[in-house]
2 protein chains.
Amino acid sequence: MYQETAAFEHYIRDHGLRMTNARRAVLEEIFSHHEHIDADRLHAAMRGKGLDVSRATVYRNLDLLADCGLVRKYRLDRHRVLYEHMHAGMEHDHMVCRECGRVVEFVNRDLRAQQEEICRAHGFDPDDLTVQVVGCCITCKKARAARGSAPPSGP
Amino acid sequence: MYQETAAFEHYIRDHGLRMTNARRAVLEEIFSHHEHIDADRLHAAMRGKGLDVSRATVYRNLDLLADCGLVRKYRLDRHRVLYEHMHAGMEHDHMVCRECGRVVEFVNRDLRAQQEEICRAHGFDPDDLTVQVVGCCITCKKARAARGSAPPSGP
DNA sequence: TTTCTTATTGAGACAGCGTCTCAATTCGCC
DNA sequence: GGCGAATTGAGACGCTGTCTCAATAAGAAA
Ligand SMILES: [Mn+2]
Ligand SMILES: [Mn+2]
Ligand SMILES: [Zn+2]
Ligand SMILES: [Zn+2]
């Protein structure tokens, strides 16, 4: 947390912004959640703890944190944007199950290297590399197979 | 177009659905546009030609076409979903410029193979593999460099 | 410390976009 | 042609994220 606070304050100063209680509160809150969470849920969690930060401010500061690289922003389903705090530069990607909604994370350095190579080839300067797979997870696949081949009571 | 109509009708029959004029119209319309387009613009284009298909129906049938694989659905910016007709299994991915909004497409078989390999390793059955890069395109990079290093009138 | 400038916040209105509802229509089968 | 179900049209609706603007507070300067 010292690490992140320092990085955030550094970014703030560097950009002629101001460090505020609301900013510290949003930073602490997002770093206390270790799953993907949307802005409204994060806001509700804060209100639940008695932290009076407005909805607009939570949205604004999550985006600020994303800009400064402490938080990542994903759209894993079409309904809402999810945020997640970074963990020391450990970038990962996602597989999303259509059936159960489960999100599986994976890290693959080669995939990233290859994306960077493509960018280089096009003279494109990337800020954000995303790989996303939508499909059916192993659990749902097994469940479907079990249902399909040997249902408890015959059809 | 015969190809796609046949594939669509086959999918329709296979799923106990019905072929309608609205479906044919949406299919023809999306295949007549060769850039990314959103549902409302496609709807407007149809109305412009005198095709009376409702907004909801355009949305519904674009999603149906996406389900059956004739159309792909992307969210290249956070504002809206864009659709694009497939071209004989030629899957591609996108780089989006933050500054000018330009979208650069690229095809890379290795990247796809690698994604499939990761899925296999996780027992994940993919329907949809997406790679998206957000950053700064070569044109904007050059424009920025020109502005930064040698402005017409001194600072 | 007090003063001053201005970035930030809060509260709610607003907007975009996609979904839903339900009566009317159309499809496909008999 | 008649029937039952799938599809459509029109608009209301809901969810998310953005914007507005007056009030507040950060932080530089005095
Ligand atoms: Mn994640
Ligand atoms: Mn494309
Ligand atoms: Zn699943
Ligand atoms: Zn550009």
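Everything numeric in this text was worked out from a predicted model, so none of it was measured. We name chains A, B, ... by the order of the sequence lines, and we start the count at 1 in each one.
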**Q** I need the CG-P distance between A/D63 and D/dT18, as an integer number of Å.
**A** 6 Å
**Q** Is the shortest side-chain N to carboxylate O distance from A/D40 to A/R80 below 4.0 Å?
**A** no
**Q** For a quick check, tell me whether the side chain of B/R55 and the base of C/dG18 share a donor-acceptor pair closer than 3.5 Å.
**A** yes
**Q** Between P on C/dT25 and CZ on B/R23, what's the gap in Å once rounded to a whole number?
**A** 19 Å
**Q** Without decimals, in angstroms, what is the distance between A/R75 CZ and C/dG16 C1'?
**A** 12 Å
**Q** Both A/M19 and B/M19 contact DNA chain D. Which one's nearest nucleotide lies toward the 5' end?
**A** B/M19
**Q** Under the 3.5 Å rule, do the base of D/dT18 and the side chain of A/R60 count as making a donor-acceptor pair?
**A** no
**Q** Scan A/A56 against the nucleic acid and name what it touches under 4.0 Å (heavy atoms): base, sugar-phosphate only, or nothing.
**A** base
**Q** Just how far, in rounded Å, is C1' of C/dC17 from NE2 of B/H43?
**A** 14 Å
**Q** Looking at the rings of A/Y83 and A/H36, which for Trp means the six-membered one, are their centres under 6.0 Å apart?
**A** no
**Q** So does A/E99 pair up with A/K141, basic N to acidic O under 4.0 Å?
**A** no
**Q** Pick the closest DNA chain D nucleotide for B/R47 and for A/L82 by heavy atoms, then say which residue is nearer the 5' end.
**A** B/R47
**Q** Can you tell me the distance, in whole Å, between the OH atom of A/Y59 and the P atom of C/dG10?
**A** 15 Å
**Q** If I take atom CZ in residue A/R13 and atom P in nucleotide D/dA26, what distance separates them, rounded to the nearest angstrom?
**A** 12 Å
**Q** Rounded to whole Å, how long is the line connecting atom NE2 of A/H79 with atom C1' of C/dG18?
**A** 10 Å
**Q** Could you give the CG-to-P distance, from B/D40 to C/dG16, as a whole number of Å?
**A** 11 Å
**Q** I want to know whether B/H92 and B/F106 have ring centres closer than 6.0 Å.
**A** no
**Q** Is any N or O donor-acceptor pair between the side chain of B/R18 and the base of D/dT8 shorter than 3.5 Å?
**A** no
**Q** When you check the phosphate oxygens OP1 and OP2 of C/dC27, does a side-chain N or O of B/N21 lie under 4.0 Å from one of them?
**A** yes
**Q** Under 4.0 Å, heavy atoms only, any strand: does A/R80 hit a base, just the sugar-phosphate, or nothing?
**A** sugar-phosphate
**Q** Does the distance from a Lys or Arg side-chain N to an Asp or Glu carboxylate O, for A/R72 and A/D128, drop under 4.0 Å?
**A** yes
**Q** On DNA chain C, compare the nucleotides closest to B/T20 and B/A39; which residue's is nearer the 5' end?
**A** B/A39
**Q** Classify A/D52 by what it touches in the nucleic acid, base, sugar-phosphate, or nothing, heavy-atom distance under 4.0 Å.
**A** sugar-phosphate
**Q** Counting only side-chain N and O atoms of B/T57, is one of them less than 4.0 Å from OP1 or OP2 of D/dT7?
**A** no
